[in-house]
Amino acid sequence: MSEFNFNNKTFSLLENSESGKANSETQFKYKQEGDLVTADYYGGSIKYGKIIAHLSNNILNMLYQCITTDNELKSGKAIAKITLTKGNKMKLRLNWEWLGEKNESGISEYIEN
């Protein structure tokens with residue numbers, strides 16, 4: 001079992017690649033049951049999004065989908081490495097990729113609020 005607990009935790013963006021859609025206004029609200037982690041996200045350029053992930057030690061293997069404020073449907077996958085800050089907050093570093101024609105990819109970082 002993992003040392004990390006995402007249940008009822010909120011995360012916000014620290015840094016994102018240019019082709020990412022989340023911004024500083026996007027909030028991620030997580031839930032967890034065992035090794036299943038889910039999140040709803042919205043704000044900024046995201047009208048609504050959903051994450052489903054498997055937690056194994058300090059790695060989240062994620063699938064995500066969203067609709068933007070421009071009504072663009074997007075989906076992707078990511079591997080998130082989890083670390084703890086000096087203040088004992090969780091930090092996520094995602095290596096992500098949009099699924100579809102362009103398959104743009106990037107790196108983003110999120111911090112527990």
Side chain of Q32, backbone of G34: donor and acceptor closer than 3.5 Å? yes

In the structure I gave you, are the side-chain heavy atoms of L92 and F28 within less than 4.5 Å of one another anywhere? no

For residues 13-22, pull every pair meeting side-chain hydrogen bond (donor to acceptor under 3.5 Å, both in side chains), keeping only residues two or more places apart or in separate chains. K21-E72

Closest non-hydrogen atom pair, Y41 against C66: OH-CB, 3.4 Å

Pairwise distance CD(E97) to OG(S75) - rounded to 0.5 angstrom: 10.5 Å

L99 with I52, same ILVMFWY side-chain cluster at under 4.5 Å: no

Determine whether D40 and K50 satisfy the following criterion, side chain to side chain contact (heavy atoms under 4.5 Å, CB included), listing intermediate values before the conclusion. CA-CA 5 Å; D40 292 330; K50 188 74 177 178; 2.9 Å; yes

Determine whether L13 and T26 satisfy the following criterion, side chain to side chain contact (heavy atoms under 4.5 Å, CB included), listing intermediate values before the conclusion. CA-CA 7 Å; L13 181 72; T26 311; 5.9 Å; no

Can you confirm whether or not the ring centre of Y110 sits under 6.0 Å from the ring centre of F11? no

What about M90 and L55, same hydrophobic cluster or not, with Ile/Leu/Val/Met/Phe/Trp/Tyr joined at side-chain heavy-atom distances under 4.5 Å? yes

What's the separation between atom CD1 in I82 and atom NZ in K91, rounded to the nearest 0.5 Å? 13.5 Å

Close side-chain approach of N23 to I46, heavy-atom, < 4.5 Å: no

Indicate yes or no: at least one non-hydrogen side-chain atom of Y64 is less than 4.5 angstrom from one of L94. no

Counting only heavy atoms not in K9, do more than 12 sit closer than 6.0 Å to its NZ atom? yes

For the atom pair OG (S105) and NZ (K77), what is the distance rounded to the nearest 0.5 Å? 10.5 Å

CG of L60 to CZ of F4: how many Å apart, nearest 0.5 Å? 9.5 Å

Just so I know, are the side chains of K81 and I59 near enough to count as touching, which here means a heavy-atom distance under 4.5 Å? yes

Distance check, rounded to the nearest 0.5 Å: Q65 atom CD versus W98 atom CH2? 10.5 Å

Is the shortest heavy-atom distance from the side chain of N8 to the side chain of K31 under 4.5 Å? yes

Heavy-atom check, side chain of K47 versus side chain of N71, under 4.5 Å: yes

Roughly how far apart are T38 OG1 and L63 CG, rounded to 0.5 Å? 13.0 Å

Closest non-hydrogen atom pair between W96 and E104, with its separation: CZ3-O, 3.9 Å

Quiz question: by atom type and distance under 3.5 Å, do the side chains of T10 and N113 form a donor-acceptor pair? no

Do Y42 and K29 come within less than 4.5 Å of each other through their side chains, counting heavy atoms only? yes

